[in-house]
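Input: a single structure, listed below in structure tokens.
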Amino acid sequence: MNVIKTLRRKFILISTATVIIIVAGVLGLVNTIAHMRVYTQIETYLAYIAQNSESPLPKKILQDGSWFGETEWSDDTPAFIVIITPEGYVKEARLKNITAFTKNEAVQYVLSTLNMEKQQGFLKKDRATYAYAVTRTKQNDICIAVMDCTRDMAIVQDFMWDSLLLGCICILLYVFILAVLSNQAIKPFVRNLENQKRFITNAGHELKTPIAIISANTEAMEYINGKNQWTESILKQTKRLSKLINDLIILAKVGEKTQSEFIFTRVNFSETVTEVVKSFEQMAIEQKKGFIYQIEPEICVRSEGKCLYELVNILVDNAVKYCDDEGEIKTQLTVTGRKKKEAVLTVANDFADGKNIDYSQFFERFYRGDISHSNEKAGYGIGLSIARELVQLLKGKIQIDYAEGKITFTVKFSISDK
């Protein structure tokens with residue numbers, strides 16, 4: 001059933017979206033902490049070098065923890081410092097365990113690359129990553145401390161990619177398990193929905209008999225005693241009740257069907273629309289409403305004949321029923337698209353009070369706009385819901401628009417060449 005499929009799809013999408021948000025938040029937090037701890041270690045190391053710029057570069061600096069636990073900087077951490085006087089002269093350059101630069105190259109690299117206005121940052125040279133910090137010595141000289149942090153940044157990046165891969169695998173595994181078990185999760189709802197539809201169908205059939213008896217007895221009373229306002233009211237209400245029961249049964253049966261249960265054949269859409277509009281033409285004339293139809297001949301679609309007829313009948317009946325007094329109903333069937341491959345049916349009617357109505361709810365079951373609450377408008381808000389179900393089963397599209405005092409229903413189907 002389409003309702004069940006839609007529910008299952010929404011359940012999976014919402015659950016998956018929730019898990020993605022949670023996993024993304026956790027991974028983001030973990031990776032942020034990892035980056036911050038590594039950056040803190042690098043800044044600590046550079047600050048230590050800068051503070052002791054007048055001493056030899058340290059052989060080993062113990063840290064109070066890093067993103068991977070209790071560790072220490074290794075003896076072979078490549079680093080160098082360059083001290084520049086306030087006048088811009090290079091005062092000293094000292095290197096430690098670094099082969100990528102000579103002293104002259106280190107000086108040139110610092111002078112040509114570093115932005116002295118920025119106190120700290122990262123630089124790239126070939127495939128290596130260097131962190132730097134710019135400070136002032138006691139003699140007011142500029143001290144630039146640079147260290148090779150390629151290994152540490154690589155560890156952080158590897159951790160990030162590994163965590164992302166693990167997160168994606170977990171999400172995919174969750175979606176797979178959820179898709180397999182989702183039927184069990186919505187099983188109570190499915191059972192409840194099936195019970196409701198079974199009740200509607202059974203109750204509808206049971207109610208038809210007493211309604212038919214009431215109608216027959218009323219007609220007999222009219223035959224014996226003549227018509228009066230009471231018998232006319234009884235017959236009117238029994239007809240309304242009969243139509244409600246029929247609509248409920250149709251809605252229940254349509255909801256139970258799937259596309260695989262339909263036998264699609266080549267149907268002459270033009271003939272179907274013509275047959276429907278002509279059946280309503282006299283009714284519209286009697287109600288003093290304009291009734292116009294423009295139907296291009298020999299438009300054929302691949303569909304199911306009875307359902308297509310019922311769809312058109314619902315739309316035209318709705319237009320006639322809710323058209324303004326002395327208004328106009330217009331039905332059109334045309335072919336559109338670059339290659340004329342789409343049949344478009346539009347059913348429009350005047351609806352002056354339709355400006356402030358929420359049209360997004362028009363296809364909801366038992367929804368009725370304020371104008372239709374009048375007792376003069378027979379109906380219970382089921383027809384358009386049936387129409388939407390039929391369009392979905394017939395692989396079409398339906399939409400509703402309101403402009404210039406007219407409400408328009410548009411239905412589109414692919415044209416069949418064979």
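Below, all heavy atoms of this structure are taken into account, side chains as well, without hydrogens, waters or symmetry copies.
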### Query
If every non-hydrogen atom of Phe409 is compared with every non-hydrogen atom of Asn318, which pair is closest and at what distance?
CE1-ND2, 3.6 Å
### Task
Please check if the distance between the ring centroids of Phe269 and Tyr309 is under 6.0 Å.
no
### Message
What's the separation between atom CZ in Phe291 and atom CD in Glu286, rounded to the nearest 0.5 Å?
### Response
12.5 Å
### Task
Apply side chain to side chain contact (heavy atoms under 4.5 Å, CB included) to the pair Val26 and Val30, showing each step before the final yes or no.
CA-CA 6 Å; Val26 171; Val30 170; 4.3 Å; yes
### Message
Could you check whether any side-chain N or O of Ser163 sits under 3.5 Å from a backbone N or O of Phe159, counting only pairs where one atom can act as donor and the other as acceptor?
### Response
yes
### Query
Quick one: does Val335's side chain get under 4.5 Å of Glu296's, heavy atoms only?
yes
### Residues Glu298, Ser270; criterion side-chain hydrogen bond (donor to acceptor under 3.5 Å, both in side chains); working and verdict
CA-CA 6 Å; Glu298 299 304 318; Ser270 300; over 6 Å; no
### Query
So do Ile81 and Ile144 actually touch side chain to side chain, heavy atoms under 4.5 Å?
no
### Query
Would you say Thr231's side chain and Asn228's backbone share a donor-acceptor pair under 3.5 angstrom?
yes
### Task
Output the distance between atom CG (Leu384) and atom CG (Leu390), rounded to the nearest 0.5 Å.
11.5 Å
#### Entry: Donor-acceptor under 3.5 Å (Tyr293 side chain, Leu333 main chain)
no
### Message
Which heavy atom of Lys321 sits nearest to which heavy atom of Lys289, and what is that distance?
### Response
O-NZ, 4.0 Å
#### Entry: Ser233 side chain to Gln229 backbone, donor-acceptor under 3.5 Å
no
### Message
Ignoring hydrogens and geometry beyond distance, is a side-chain donor-acceptor pair present between Gln399 and Asp401 at under 3.5 Å?
### Response
yes
### Message
More than 12 heavy atoms of other residues, nucleotides or ligands under 6.0 Å from CE of Met160: yes or no?
### Response
yes
#### Entry: Verdict with supporting geometry, Phe122 and Ile42, side chain to side chain contact (heavy atoms under 4.5 Å, CB included)
CA-CA 11 Å; Phe122 292 88; Ile42 292 172; 4.1 Å; yes
### Task
Measure across Phe280 and Val316 and return the closest heavy-atom pair with its distance rounded to 0.1 Å.
CD1-CG1, 3.7 Å
#### Entry: Glu310 CD to Ile314 CD1 distance, which is reported to the nearest 0.5 Å
4.5 Å
## Note on the structure
For Ala319 and Val347, the nearest pair of non-hydrogen atoms, with its separation, is CB-CG1, 3.6 Å
### From Lys395 atom NZ to Ser303 atom OG, the distance as rounded to the nearest 0.5 Å
10.0 Å
#### Entry: Student check: side-chain heavy atoms of Phe413 and Leu345 closer than 4.5 Å
no
### Query
Is the backbone of Glu342 close enough, under 3.5 Å, to the side chain of Ser414 for a donor and an acceptor to pair up by distance?
no
#### Entry: Main-chain N/O of Thr102 paired to Glu105 side chain as donor or acceptor, under 3.5 Å
yes
### Query
If you look at every heavy atom in Leu27 and Asn31, which pair is closest and at what distance?
O-ND2, 2.7 Å
### Query
Are Thr331 and Ile292 side-chain neighbours, meaning at least one heavy-atom pair lies under 4.5 Å?
no
### Distance-only donor-acceptor check, side chains Lys124 and Thr129, under 3.5 Å
yes
### Query
So, do Ile295 and Gln332 sit near enough that their side-chain heavy atoms are less than 4.5 Å apart?
no
### Task
Report yes or no: does Asp324 contribute a side-chain atom to a donor-acceptor pair with the main-chain N or O of Gly327 at less than 3.5 Å?
no
### Query
Closest approach of Val146 and Tyr132, non-hydrogen atoms and distance?
CG2-CB, 4.0 Å
### Query
Any side-chain heavy atom of Ile142 sitting closer than 4.5 Å to one from Arg136?
yes
### Straight-line distance of Gln237 CD to Leu235 CG, nearest 0.5 Å
10.0 Å
### Message
Within the structure provided, determine whether Asn349 and Val320 are in side-chain contact (heavy-atom separation under 4.5 Å).
### Response
no
### Query
Under the side chain to side chain contact (heavy atoms under 4.5 Å, CB included) criterion, do Tyr39 and Met153 qualify, and how do the steps go?
CA-CA 9 Å; Tyr39 292 159; Met153 298 306 295; 3.6 Å; yes
### Query
Can you find a pair of side-chain heavy atoms, one from Ile299 and one from Val273, that are under 4.5 Å apart?
no
### Task
Drop me the distance from Ile20's CD1 to Cys168's SG, to the nearest 0.5 angstrom.
9.0 Å
### From CA spacing to verdict: side chain to side chain contact (heavy atoms under 4.5 Å, CB included), Ile415, Cys300
CA-CA 6 Å; Ile415 287 181; Cys300 296; 5.7 Å; no
### Query
What residues form a salt bridge (Lys or Arg N to Asp or Glu O under 4.0 Å) with Lys406, not counting sequence neighbours?
Glu328, Asp350
### Query
Between the side chain of Ser15 and the main-chain N/O of Ile12, is any donor-acceptor distance below 3.5 Å?
no
